[in-house]
Amino acid sequence: MSLAVRTPPSINEAVKDYAPGSSERVELKDALKKARAKVAEIPMVIDGKRVKTARKINIYPPHERRHKLGFYYQGSKQHVIAAIDAALKARHVWEHTPWDQRAAIFLRAADLLTTKYRAAMNAATMLGQSKNVHQAEIDAVCELADFFRFNVHFMQQIYAEQPYSPHGVHNSMDYRPLEGFVLAITPFNFTSIAGNLPTAPALMGNTVVWKPASTQIYSAAVIMQILQEAGLPKGVINMIFTEGKVTGDVALRHPQLAGVHFTGSTSTFQHIWKTIGAHVAGYKAYPRIVGETGGKDFVVAHPSADVRSLITALVRGAFEYQGQKCSAASRAYIPSGLWKQVCEGLGQELATIRIGPPEDFTNFINAVIDEKAFDKITSYIVRAKKDKQEFIAGGGFSKKDGYFIEPTVIRTNNPQYVTMCEEIFGPVLTVYVYPDKKYAQTLELVNRTSPYGLTGAIFARDRKAIAQASQVLRHAAGNFYINDKPTGAVVGQQPFGGSRASGTNDKAGFYLNLLRWTSPRAIKENNSPPTDYRYPFMSEP
């Protein structure tokens with residue numbers, strides 16, 4: 001495989017600030033207005049064709065339950081089969097498409113995303129997933145463009161990694177795509193993840209069946225539009241809107257399932273793994289299973305921590321995008337000597353936060369994704385009130401107009417209380433205050449409290465305390481932050497993923513993830529093949 005053609009070096013897409021009077025703010029406001037003024041019709045895309053069905057499912061903004069944004073056409077078992085057939089049909093040609101031609105499509109997609117479609121993509125994410133403008137910008141535009149560009153860089157890095165060839169022998173590695181199709185199942189909370197999970201395998205020569213979350217279809221349609229305009233051949237990525245059980249019953253039992261690229265709940269991922277295990281004898285090859293699931297992410301403060309930076313990290317880490325990030329700070333451990341300052345500071349900061357629809361740029365908090373999420377999150381708040389836990393801030397909620405929940409801080413005296421242990425996936429932060437002299441014991445407590453191992457942060461100015469936390473919590477977080485919030489991993493800078501119950505830790509936004517979508521072939525060419533089977537040791541003395 002020739003690497004004579006080189007693509008430009010990748011740099012992270014600059015985040016626009018959308019300040020009052022800026023051109024990007026004006027353009028986005030206009031895109032939001034246009035999106036709200038029409039009812040979008042969103043078909044599936046199978047073998048490059050727009051596929052409609054008799055079943056239409058309406059789409060409403062989570063923050064405005066009565067406004068119809070559009071509708072999508074829900075598919076059936078037959079559409080899953082058709083998508084698999086289309087992926088398998090496209091596989092041969094796509095696999096043998098030169099790597100630089102595949103790369104050109106995704107580099108073009110990145111350019112389209114960050115120019116022509118920037119406002120439309122942000123507007124779709126803001127309206128469909130209730131993200132404020134900053135959260136939409138860093139996710140749906142910047143991170144997704146970074147995935148497209150940096151994955152091309154990582155692909156070249158992989159292809160360039162070749163074995164040693166001694167004199168007379170030429171050794172090489174052929175990084176083949178997997179045999180069969182890849183199933184990509186994507187979540188609602190990050191448009192960038194929804195775009196990366198099908199395109200990362202596709203970049204490496206695989207063909208894909210993509211099932212986005214039903215609550216993210218509104219922005220998923222924009223991703224598909226960009227990919228098609230960028231020149232993605234038909235059948236390479238097939239987008240279907242089918243129920244999870246229907247998708248799994250067909251795709252996970254198909255003999256040519258080559259891999260699953262998943263982000264979602266731990267229980268769903270475990271079901272996928274069990275299903276594949278139960279049918280392992282029926283596959284052409286062992287499917288690759290790559291998944292990122294839940295988290296119960298922590299912030300630990302040492303008595304030497306800077307209080308102001310700690311408070312800011314807790315507010316941003318716990319409550320940006322309503323805590324609906326798998327990396328969101330959900331439990332905090334604060335030393336008693338700092339607690340009064342932290343408590344007062346949190347209360348003062350949270351009192352200034354505005355809650356409402358994302359079209360109003362002064363709102364920091366918007367709505368949670370749907371009624372199911374609202375009911376789950378608020379059940380923890382109700383339980384904590386019933387159990388007489390101390391509420392430092394928040395605790396209110398309403399779904400009259402949209403699914404709004406106040407940013408809530410609970411203090412518990414029980415480090416094993418349910419909100420310290422279970423993933424809530426909403427704007428709820430629980431704090432445990434520990435004695436200053438029990439820092440070491442608290443680190444051990446943090447390590448064993450949760451089954452997850454995704455993200456975590458330590459705040460300290462004492463270097464010895466930082467080193468101690470890094471060692472004790474080595475396996476507690478796949479992304480570990482020092483004096484920073486546990487969210488906001490940047491492609492190419494902090495490869496993202498965790499282990500334990502948080503997933504397979506294959507690091508999205510890094511070459512490790514792309515390697516999973518290859519089946520390497522070692523090739524040896526002997527320039528001087530032997531002509532006699534006999535070895536020297538066989539000769540008579």
Side-chain angles (χ1 to χ4, degrees), residues 44-48 75 79-88 90-91 94 102 105-106 109 140 143-144 147-148 151 177-217 219-224 226-228 232-252 254 256-265 268-269 271-273 275-276 287-293 326 496-497 503-504 506-509 513-518:
M44 295 178 283
V45 178
I46 301 174
D47 201 20
H79 296 101
V80 182
I81 294 171
I84 293 171
D85 290 344
L88 294 175
R91 179 177 166 269
W94 182 244
R102 299 199 307 266
I105 293 168
F106 295 102
E143 185 169 10
L144 182 52
F147 275 131
F148 289 157
N151 280 348
L178 308 179
E179 280 195 281
F181 71 94
V182 173
L183 174 64
I185 302 175
T186 62
F188 78 85
N189 59 334
F190 283 98
T191 301
S192 55
I193 295 176
N196 181 55
L197 266 58
T199 58
L203 177 64
M204 303 307 290
N206 297 280
T207 53
V208 182
V209 174
W210 173 27
K211 180 204 161 333
S214 60
T215 42
Q216 190 265 324
I217 287 173
S219 60
V222 183
I223 297 173
M224 198 68 198
I226 292 171
L227 292 174
Q228 289 183 307
L232 186 74
K234 64 181 183 179
V236 172
I237 297 177
N238 303 276
M239 183 173 66
I240 57 172
F241 309 143
T242 48
E243 293 179 350
K245 186 179 187 306
V246 172
T247 308
D249 285 348
V250 177
L252 298 180
H254 197 286
Q256 296 213 62
L257 175 68
V260 175
H261 207 186
F262 174 88
T263 294
S265 73
T268 300
F269 189 54
H271 172 74
I272 290 170
W273 200 295
T275 303
I276 291 174
R288 302 290 172 86
I289 310 174
V290 175
E292 191 263 296
T293 58
C326 45
F496 189 78
T504 57
D506 287 295
K507 294 299 183 190
N513 183 277
L514 295 188
L515 271 175
R516 296 285 280 154
W517 309 115
T518 69

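Basis for what follows: all heavy atoms, side chains included, without hydrogens, waters or symmetry-related copies. Keep in mind the model is a prediction, meaning the values are calculated, not measured.
Note: R288 CZ to T504 OG1 = 12.0 Å, rounded to the nearest 0.5 Å. We find the CE-CE distance between M224 and M239 to be 6.0 Å, quoted to the nearest 0.5 Å. To the nearest 0.5 Å, atom CZ of residue F262 and atom CD1 of residue I289 are 11.5 Å apart. Taking CD from Q228 and CD1 from I237, the interatomic distance works out to 10.0 Å, rounded to the nearest 0.5 Å. Note: T263 OG1 to N189 CG = 8.0 Å, rounded to the nearest 0.5 Å. Here CZ of F188 is found 10.5 Å from OG of S214. Values are rounded to the nearest 0.5 Å.
Minimum heavy-atom separation, F148 to F106: CB-O, 3.5 Å. Of all the heavy atoms in T293 and C326, the pair that sits closest is O-CB, 3.8 Å. Nearest heavy-atom pair across P187 and A194 is O-CB, 4.4 Å. When all heavy atoms of P212 and I217 are compared, the closest pair comes out as CG-CG1, 4.2 Å. Considering all non-hydrogen atoms of both residues, P287 and I276 come closest at CG-CG2, 4.0 Å.
Take R516 and apply the side chain to side chain donor-acceptor pair (under 3.5 Å) test, not counting sequence neighbours, and it matches D506. With sequence neighbours excluded, the residues that form a side chain to side chain donor-acceptor pair (under 3.5 Å) with T186 are W210.
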Can you list the steps and then say if V260 with V182 is a side-chain contact (heavy atoms from CB on, under 4.5 Å)?
-> CA-CA 6 Å; V260 175; V182 173; over 6 Å; no
Step-by-step side-chain contact (heavy atoms from CB on, under 4.5 Å) determination, T518 to L514 = CA-CA 7 Å; T518 69; L514 295 188; 6.0 Å; no
Between T191 and Q216, is a side-chain contact (heavy atoms from CB on, under 4.5 Å) present by the stated rule, with each step listed?
-> CA-CA 7 Å; T191 301; Q216 190 265 324; 4.0 Å; yes
Tell me, with the steps shown, if L183 and T247 meet side-chain contact (heavy atoms from CB on, under 4.5 Å).
-> CA-CA 9 Å; L183 174 64; T247 308; 4.1 Å; yes
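Between H254 and L88 there is a side-chain heavy-atom pair separated by less than 4.5 Å. Between I272 and I185 the shortest side-chain heavy-atom distance falls below 4.5 Å.
Under a 3.5 Å cut-off, the side chain of K507 and the backbone N or O of N513 do not form any donor-acceptor pair. Within the 3.5 Å criterion, the main-chain N or O of V246 finds no donor-acceptor partner in the side chain of D249.
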Under 3.5 Å, side-chain donor or acceptor atoms of residues 197-208 against the rest of the protein: list the pairs with distances, not counting sequence neighbours.
| from | atom 1 | to | atom 2 | distance (Å) |
| --- | --- | --- | --- | --- |
| T199 | OG1 | G195 | O | 2.6 |
| T199 | OG1 | N196 | O | 3.4 |
| N206 | OD1 | L178 | N | 2.8 |
| N206 | ND2 | P201 | O | 2.9 |
| N206 | ND2 | W517 | O | 2.9 |
| T207 | OG1 | A87 | O | 2.7 |

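Aromatic ring centres of H79 and F241: separated by at least 6.0 Å.
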